[in-house]
There are 6 protein chains.
Amino acid sequence: MQKKILYIDPVYDNSYLRAFKEHFEKIKNDDIDIHVTSLGEKKGPKHVEYSCYEAMVIPDLIKTVKEAQDNQFDGVVIGCFYDPALRACREIADNMIVTAPAEASFTIAKSLGENIAIIVGREKTIPEIKRNIFEYGMERRFSTFKSVGLGVLDFQKDHEVTMRKIRHAAQDAIENHHADVIILGCTAELGFYEELQKELGVPVLDASIAALKYAEFLVEINKTLGWGHSKVNGYESPPPEEARCFGIFDRN
Amino acid sequence: MQKKILYIDPVYDNSYLRAFKEHFEKIKNDDIDIHVTSLGEKKGPKHVEYSCYEAMVIPDLIKTVKEAQDNQFDGVVIGCFYDPALRACREIADNMIVTAPAEASFTIAKSLGENIAIIVGREKTIPEIKRNIFEYGMERRFSTFKSVGLGVLDFQKDHEVTMRKIRHAAQDAIENHHADVIILGCTAELGFYEELQKELGVPVLDASIAALKYAEFLVEINKTLGWGHSKVNGYESPPPEEARCFGIFDRN
Amino acid sequence: MQKKILYIDPVYDNSYLRAFKEHFEKIKNDDIDIHVTSLGEKKGPKHVEYSCYEAMVIPDLIKTVKEAQDNQFDGVVIGCFYDPALRACREIADNMIVTAPAEASFTIAKSLGENIAIIVGREKTIPEIKRNIFEYGMERRFSTFKSVGLGVLDFQKDHEVTMRKIRHAAQDAIENHHADVIILGCTAELGFYEELQKELGVPVLDASIAALKYAEFLVEINKTLGWGHSKVNGYESPPPEEARCFGIFDRN
Amino acid sequence: MQKKILYIDPVYDNSYLRAFKEHFEKIKNDDIDIHVTSLGEKKGPKHVEYSCYEAMVIPDLIKTVKEAQDNQFDGVVIGCFYDPALRACREIADNMIVTAPAEASFTIAKSLGENIAIIVGREKTIPEIKRNIFEYGMERRFSTFKSVGLGVLDFQKDHEVTMRKIRHAAQDAIENHHADVIILGCTAELGFYEELQKELGVPVLDASIAALKYAEFLVEINKTLGWGHSKVNGYESPPPEEARCFGIFDRN
Amino acid sequence: MQKKILYIDPVYDNSYLRAFKEHFEKIKNDDIDIHVTSLGEKKGPKHVEYSCYEAMVIPDLIKTVKEAQDNQFDGVVIGCFYDPALRACREIADNMIVTAPAEASFTIAKSLGENIAIIVGREKTIPEIKRNIFEYGMERRFSTFKSVGLGVLDFQKDHEVTMRKIRHAAQDAIENHHADVIILGCTAELGFYEELQKELGVPVLDASIAALKYAEFLVEINKTLGWGHSKVNGYESPPPEEARCFGIFDRN
Amino acid sequence: MQKKILYIDPVYDNSYLRAFKEHFEKIKNDDIDIHVTSLGEKKGPKHVEYSCYEAMVIPDLIKTVKEAQDNQFDGVVIGCFYDPALRACREIADNMIVTAPAEASFTIAKSLGENIAIIVGREKTIPEIKRNIFEYGMERRFSTFKSVGLGVLDFQKDHEVTMRKIRHAAQDAIENHHADVIILGCTAELGFYEELQKELGVPVLDASIAALKYAEFLVEINKTLGWGHSKVNGYESPPPEEARCFGIFDRN
């Protein structure tokens with residue numbers, strides 16, 4: 001039976017959807033239909049490097065998740081390495097899986113190695129990612145951050161330049177910080193992991209792809225074994241009537 | 001010189017503003033003008049016990065913070081014990097102070113005692129608050145959570161019932177978990193701390209009041225000593241032009 | 001393309017193989033061939049509740065892993081909740097995945113809830129499991145251990161008795177320790193999760209099944225994306241010639 | 001109503017009192033009378049860089065705190081970055097506030113940034129300060145120590161030399177360790193913060209001034225809200241009669 | 001070659017010296033001369049349950065340590081479970097060993113079991129002891145505190161009563177908190193460990209005796225292997241001339 | 001009364017026994033008979049740098065420990081810095097002490113200094129040792145690892161080369177990482193500590209010798225005070241009959 005997963009690029013920009021879709025089609029499981037969407041082409045942040053940009057996209061993100069639920073999606077990926085609004089999205093998911101790149105990458109990386117480095121765009125993003133390192137219990141497997149000095153929207157401008165910068169950062173992490181796994185810590189670092197890991201000889205995780213594959217996994221065990229997000233305590237759903245009354249799923 | 005602080009009740013409901021204002025007027029510093037606002041009486045969450053409600057109010061919260069900045073406020077309090085969007089609000093604050101109840105309460109409590117208990121409304125809220133216990137480095141001073149089984153909007157319904165429940169929870173924390181400081185871990189638990197601490201003989205922190213007083217303090221040292229939120233790394237502001245272009249401060 | 005996973009019950013006893021096989025066949029992915037083996041019916045530990053029993057089975061476990069590698073298996077599960085010899089088995093696995101129940105259960109549980117309880121047989125086993133809670137970074141998501149006072153070989157003696165004991169322990173964890181996910185922390189607790197989670201309303205993880213499903217996942221991403229155990233540092237393989245010279249894979 | 005705070009330079013040396021007083025007068029709140037004292041000009045340590053010096057000054061420190069209490073002071077600052085005898089002083093303070101530079105600086109710094117560097121005089125002092133980093137829960141916000149190779153009594157010898165050394169250390173912390181807040185981790189580093197933070201563009205905290213301002217804050221909330229050090233458990237006061245009988249407040 | 005160790009009861013009271021001496025003589029190594037002293041019968045604290053009492057005895061403690069050094073003692077034990085002034089005493093010890101009951105008990109207990117309970121006199125003492133649990137890295141081996149409601153000077157008043165209370169607390173720790181080692185967390189709990197551990201079937205550590213034996217060990221390896229307190233960084237000694245000039249070893 | 005300790009070099013190689021014996025005879029206590037053994041000259045690992053080699057030697061290690069117990073040994077040292085099978089060996093030891101180099105070195109180092117560096121042979125070994133740093137609660141006293149690029153069997157090939165490499169690594173740790181104690185983190189680094197610590201001026205711990213001395217200590221307190229490994233919970237022994245039935249102590 002086919003299962004449906006929605007990858008949400010949580011920005012007001014459709015430019016990347018095609019690239020995500022192409023990458024995902026190549027690596028998805030056969031029994032998965034992968035849909036890719038953004039928040040639309042409305043005025044609004046085109047990247048969420050700043051926490052205040054991230055904040056502005058969350059309501060539409062949540063509405064998109066709600067609609068995925070209503071449209072019988074089996075899983076959703078919140079496509080940003082800050083894992084924005086993960087708890088909120090799990091609250092509103094009834095029996096649908098929700099995951100995100102940092103949770104997924106850290107999970108996988110911890111099974112692959114013991115000294116994990118994260119390549120980020122700009123140093124600005126480090127503190128927020130660091131918080132998730134503790135949240136997900138990865139602090140004792142963490143090696144180092146390396147910043148390549150590129151904004152979110154810069155990564156795809158010149159592949160050669162980006163590749164050179166990421167390669168240099170990854171080599172530095174491996175040689176000087178004993179990294180044995182590399183995470184590309186921004187979903188915009190799409191399209192580099194494969195060549196890099198061949199060159200470097202260690203696993204290089206693409207954050208979006210990690211999230212998609214981990215979503216497939218969680219969806220699969222949910223269907224097969226009934227293991228989904230606990231609806232007790234932290235991920236308890238709001239009373240539907242109250243949520244409706246508060247209009248939290250209304251589109252303007 | 002008078003300084004202006006804005007307390008934001010981050011909900012679409014003006015019902016509590018008057019009560020907050022009255023409490024704050026009694027305990028504020030003389031050189032502070034305290035303003036209290038909500039996000040307006042629009043359709044939207046009237047409380048933010050659920051993370052998905054919290055998420056929905058953040059954009060208007062951020063716009064309100066931005067307007068406070070534009071209107072020369074010296075400080076802002078985000079009036080919810082989850083400390084929602086604290087990083088985002090600090091990013092957009094140029095040279096204005098932003099704080100919130102959990103940061104403030106934990107800070108003060110740590111100078112008053114060593115075994116701090118938190119009285120919450122419902123168990124639902126514990127995991128999100130627990131995350132902040134780690135975020136603010138209070139885990140080694142933490143004693144216990146006690147839930148009184150009241151939703152956010154229940155606290156003010158019957159003061160006597162609420163008082164009895166909170167008192168009972170606090171006594172339990174003191175007697176069985178060696179608590180030496182009590183935090184009322186919801187801004188809706190307004191109006192109870194004073195009587196309680198007289199009865200119990202240990203400090204009882206009201207989360208809103210703690211946040212206001214801590215804001216006064218941060219504002220004061222900001223003015224006097226130039227110590228404000230660092231604009232390097234984590235609280236770096238977005239480029240104004242980009243923020244404008246993304247329309248993140250536009251009112252619909 | 002079919003992939004082959006070997007589940008190793010690391011004891012000298014074939015009695016459980018059939019039960020494991022039956023359970024696994026029901027829940028495995030279509031593209032997986034699942035093989036189940038023990039270490040044979042030789043004299044030796046029939047359970048590994050004691051660390052000194054666990055120690056005695058490790059060489060044959062490693063040889064079995066090596067043979068799986070030689071026989072083109074894609075993944076191996078070490079079927080004991082202590083995750084015995086996980087590093088050693090990953091060292092000798094060239095490009096084959098190795099995982100184990102605690103790693104798998106903790107990983108899955110952390111995506112499902114935030115306050116995870118573990119039901120163990122006897123208290124004897126708690127300290128060794130506790131070490132893995134820290135190893136896998138689950139300490140901040142951990143709720144409580146509950147012991148049901150049953151040895152490894154007792155779980156399957158009287159299903160009704162076992163079910164009653166586990167149910168009671170799980171209810172205690174949920175009601176008094178705010179557990180939102182239950183892990184059955186012994187592979188011998190097979191056959192209970194399904195009924196239990198229906199009754200309890202929270203996810204109940206069977207450790208063996210969690211390990212098998214997580215192995216399927218790691219195998220799948222290994223095949224699709226080339227993400228396998230890093231062979232740098234911690235999981236570096238020994239030089240084949242030296243390993244041969246030391247006879248570490250020789251069957252007596 | 002005026003409130004009285006006593007800043008104690010816990011050494012047998014009056015040389016610095018005037019400088020402290022002058023700095024404090026410029027930055028104190030209007031409703032605060034700030035008194036500055038040392039332990040007198042008796043024979044004894046003139047600095048407390050060594051823990052054994054620190055130990056020798058504690059009895060007179062405690063007596064000074066007791067006298068402050070008897071003289072209706074509202075708050076006391078223990079003027080050394082090791083925060084010596086903080087628990088002891090809080091025990092003997094009835095309803096008077098006691099704080100100290102490390103507690104105050106760490107508290108403030110954590111609200112201003114997320115990667116805090118500490119500039120110390122000599123490496124000798126690092127382990128004792130490090131212990132307080134854990135005590136106050138600042139380990140996850142800590143960036144690095146930088147030592148400038150100056151003893152406590154050297155800082156004020158040649159302002160230009162000191163400034164150059166501190167500036168260099170701070171720049172190193174910012175550039176190579178991503179520091180976003182600088183703490184001058186010795187009360188003798190007085191008189192440098194202002195110029196430094198202008199140059200560096202990040203907050204630079206003077207430890208004495210941080211302590212004084214935090215004391216003002218704690219005094220203010222104590223007066224206004226009744227929030228003082230809990231007298232239960234850790235800060236419980238000794239029975240007055242016993243304390244008298246043991247002569248612990250007697251001047252020789 | 002005989003080695004000399006000084007056990008210092010850091011109070012102004014000789015009443016316990018004889019009891020300590022008698023216990024120590026029975027269990028010391030043959031090549032050790034054990035001396036027992038207090039700070040003399042001067043006016044001053046007769047117990048150090050309060051941190052402010054503890055503070056008052058430290059200068060005389062340090063002078064006593066210095067004299068031990070001058071009199072060619074090989075080791076010193078600071079006889080209080082708070083481990084008062086351990087760093088300071090190590091600074092002034094040239095090549096003499098200094099240790100204390102908490103360091104010693106925690107060290108030994110960690111080699112004997114994995115879930116260590118501490119029986120204290122009054123709850124007042126818990127926060128200060130808890131700080132040492134973190135200082136010595138014992139937090140992951142810690143089970144629980146149990147308070148018996150006895151002041152330091154009460155323990156020896158009625159052995160039967162004390163024994164009953166301690167036994168009850170220890171049984172509670174073993175049965176309800178899975179304790180596998182018991183530490184008697186006050187040096188005044190002398191004379192109970194032997195009978196208790198026979199009854200309880202788990203090791204029961206007497207804090208003073210643990211400290212003495214650990215001191216013997218550290219002295220022995222110091223003599224044999226040259227392993228003493230590092231004089232670099234944290235335990236660096238003050239310049240002798242300065243120490244003399246500051247009069248820190250002068251008796252009044 | 002003489003006590004007997006067995007040092008087990010857990011490899012199939014007698015080459016090092018003589019060197020260990022000679023070193024131990026020089027530094028052991030008079031009342032100790034020190035025996036040194038390997039696992040015999042059978043085919044098998046001659047070093048245990050790889051976890052899979054380590055795994056292969058454990059059954060014979062356990063049998064050797066069992067025989068030591070049967071032959072009235074008072075203590076056993078597992079002579080490898082990974083502390084292999086420490087729990088298992090403690091389980092099977094009735095009233096015999098078992099310890100190992102990492103436990104012993106970390107314990108001693110923590111009483112000697114506060115910033116401990118470990119010199120290892122190859123980086124491969126770091127992750128497994130790092131796990132023990134957390135296991136033994138040394139993370140807050142840890143400074144840095146330095147690898148000298150030598151395999152276990154290389155250390156004794158050319159003393160001059162080895163000495164030069166270790167010296168260089170230790171100096172680097174002291175100068176650039178503020179190390180105040182050095183641990184030679186491989187038992188094969190025998191014969192270097194003495195000269196090194198003279199040159200470097202900080203304690204340099206030989207891992208084997210630390211283990212032997214700590215074993216002497218634990219044996220001595222066991223005999224004198226009855227403090228041995230708790231047989232409750234973690235170190236509970238298996239039922240003798242079952243162990244016999246499982247043949248876990250049978251020699252092939």
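Throughout, protein chains are lettered first and strands after them, A, B, ... in sequence-line order, and every chain is numbered starting at 1. Small disclaimer: the values here were computed from a predicted structure and weren't measured.
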>> Return the CD1 to OH distance between D:I108 and B:Y214, rounded to the nearest 0.5 Å.
In response: 7.0 Å
>> Can you tell me if B:E25 has over 12 outside heavy atoms packed within less than 6.0 Å of its CD?
In response: yes
>> Below 4.5 Å, heavy-atom pairs only: which of D:P203, D:G226, D:S111 has the largest tally toward chain B?
In response: D:S111
>> Other residues, nucleotides and ligands only: do more than 12 of their heavy atoms fall within 6.0 Å of CG on D:N95?
In response: no
> Near D:H159 NE2, under 6.0 Å, is it more than 12 heavy atoms from other residues, nucleotides or ligands?
Replying inline: yes
>> More than 12 heavy atoms of other residues, nucleotides or ligands under 6.0 Å from CD of D:Q2: yes or no?
In response: yes
> Of the backbone (N, CA, C, O) and the side chain (C-beta and beyond), which part of D:V98 lies under 4.5 Å from a heavy atom of chain B, both, or neither?
Replying inline: neither
> Can you say whether the rings of B:Y193 and D:W227 are parallel (under 30°), tilted (30 to 60°) or perpendicular (over 60°)?
Replying inline: perpendicular
> Which one of B:I97, B:N222, B:N115, B:I209 has the most heavy-atom pairs closer than 4.5 Å to chain D?
Replying inline: B:I209
>> Looking at every heavy atom in both B:D180 and D:V232, which two are closest together, and how far apart are they?
In response: CB-O, 3.7 Å
>> Taking side chain as everything from C-beta outward and backbone as N, CA, C, O, which of these in B:E103 sits under 4.5 Å from a heavy atom of chain D? Side chain, backbone, both or neither.
In response: side chain
> Which heavy-atom pair separates B:S230 from D:V181 by the least distance, and what is that distance?
Replying inline: CB-CG2, 4.2 Å
> Ignoring hydrogens and geometry, is there a side-chain-to-backbone donor-acceptor pair from B:E216 to D:F217 under 3.5 Å?
Replying inline: no
>> If I measure from the heavy atoms of chain B, does D:K231 come under 4.5 Å with its side chain, its backbone, both, or neither?
In response: neither
>> Using heavy-atom distances under 4.5 Å, tell me whether B:L218 contacts chain D through its side chain, its backbone, both, or neither.
In response: side chain
> Is the number of heavy atoms from other residues, nucleotides or ligands within 6.0 Å of NE2 (B:H168) greater than 12?
Replying inline: no
> Once you round to the nearest 0.5 Å, how far does CD of B:E114 lie from CG of D:N233?
Replying inline: 8.5 Å
> Can you name the nearest heavy-atom pair linking D:K213 to B:I221, along with the distance?
Replying inline: CB-CG2, 3.7 Å
> Once you round to the nearest 0.5 Å, how far does CG of D:D31 lie from CG of B:N29?
Replying inline: 7.5 Å
> Which region of D:A104, side chain (C-beta onward) or backbone (N, CA, C, O), has a non-hydrogen atom less than 4.5 Å from a non-hydrogen atom of chain B, or is it both or neither?
Replying inline: neither
> Any salt bridge between D:R141 and B:E135, counting N to O under 4.0 Å?
Replying inline: yes
>> Please identify, among B:E220, B:H178, B:K110, B:E194, the residue contributing the most non-hydrogen atom pairs under 4.5 Å to chain D.
In response: B:E220
> Roughly how far, to the nearest 0.5 Å, is OG1 of D:T224 from NZ of B:K26?
Replying inline: 13.0 Å
> Considering only heavy atoms, which portion of D:T99 lies under 4.5 Å from any heavy atom of chain B: side chain, backbone, both, or neither?
Replying inline: neither
> Is it the side chain or the backbone of D:L205 that comes within 4.5 Å of chain B heavy atoms, both, or neither?
Replying inline: both
>> Looking at D:E139 and B:G137, would you say the former's side chain and the latter's main chain have a donor-acceptor pair under 3.5 Å?
In response: no
>> Under a 4.5 Å cutoff for heavy-atom pairs, which residue among B:G201, B:A210, B:A109 has the most contacts with chain D?
In response: B:A210
>> Using modelled atom types and a 3.5 Å cut-off, is there a donor and acceptor pairing between side-chain atoms of B:H229 and backbone atoms of D:G113?
In response: no
